[in-house]
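Following: one structure in structure tokens, then a few remarks.
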Amino acid sequence: MAELAGSPDRPLKAEDIAARQDIPVRFLFVVLSELRQARLVRSSRGPEGGYGLSRPAGDITLADVIRAMDGPLVSVRDLKLTGLEYQGAAAPMPDVWRAVRASLRQVLEGTTLADLAAGTLPELVRDRAREYTDDVRLYP
């Protein structure tokens with residue numbers, strides 16, 4: 001999707017995308033098919049044909065792409081968070097899972113394909129990435 005966002009004026013051939021991303025073209029065709037079914041990608045035939053985004057890159061978030069490919073952003077035991085209960089000392093865990101889902105949504109719904117293509121990630125994403133790399137526990 002980032003490759004398509006980086007080429008808004010012309011369709012890209014699947015073979016070119018696969019080569020740029022170093023993935024098998026047959027696998028890419030499966031991915032593109034799912035993205036097309038989700039109405040995130042359009043295809044055109046002919047010598048000048050290929051694949052493109054179905055709407056402007058600034059209107060497609062990373063959350064849209066992940067949901068199209070994998071379903072809900074965060075799955076907890078394959079259950080919805082409403083009605084999720086833990087017993088005893090673990091009783092607050094549903095709020096932890098809600099916070100995880102909210103954080104994930106903030107990052108993925110706040111980042112568009114246009115952000116990726118331009119190389120300008122939102123401040124929230126840059127801050128979270130910096131927090132991650134600054135965490136000394138990760139790099140002893």
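Predicted model, so just to flag it, every value in this text is computed and none were measured.
Closest approach of G46 to K13, counting heavy atoms only: O-NZ, 3.6 Å. Residues G49 and P11 approach most closely at C-CB, 3.9 Å, considering heavy atoms.
More than 12 heavy atoms of other residues, nucleotides or ligands shown are found within 6.0 angstrom of CZ on R20.
Under the 4.5 Å side-chain criterion, counting only non-hydrogen atoms from C-beta, R55 is in contact with D64. When side chains are defined from C-beta on, R10 counts as touching L12, because their heavy atoms get closer than 4.5 Å. For the pair L4 and L113, the minimum side-chain heavy-atom distance is 4.5 Å or more.
Not one N or O on the side chain of T111 forms a donor-acceptor pair closer than 3.5 Å with the backbone of L108. Side chain of S54 to backbone of L40: a donor-acceptor contact under 3.5 angstrom is found.
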Could you list the donor-acceptor pairs under 3.5 angstrom formed by side chains in residues 115-125, with sequence neighbours left out?
| from | atom 1 | to | atom 2 | distance (Å) |
| --- | --- | --- | --- | --- |
| D115 | OD2 | T112 | N | 2.8 |
| D115 | OD2 | T112 | OG1 | 3.2 |

Would you mind writing out the side-chain donor-acceptor pairs for residues 21-36 within the sub-3.5 Å range, not counting sequence neighbours?
| from | atom 1 | to | atom 2 | distance (Å) |
| --- | --- | --- | --- | --- |
| Q21 | NE2 | E3 | OE2 | 2.6 |

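Taking A90 as the reference, Y86, M93 meet the side chain to side chain contact (heavy atoms under 4.5 Å, CB included) condition, with sequence neighbours excluded.
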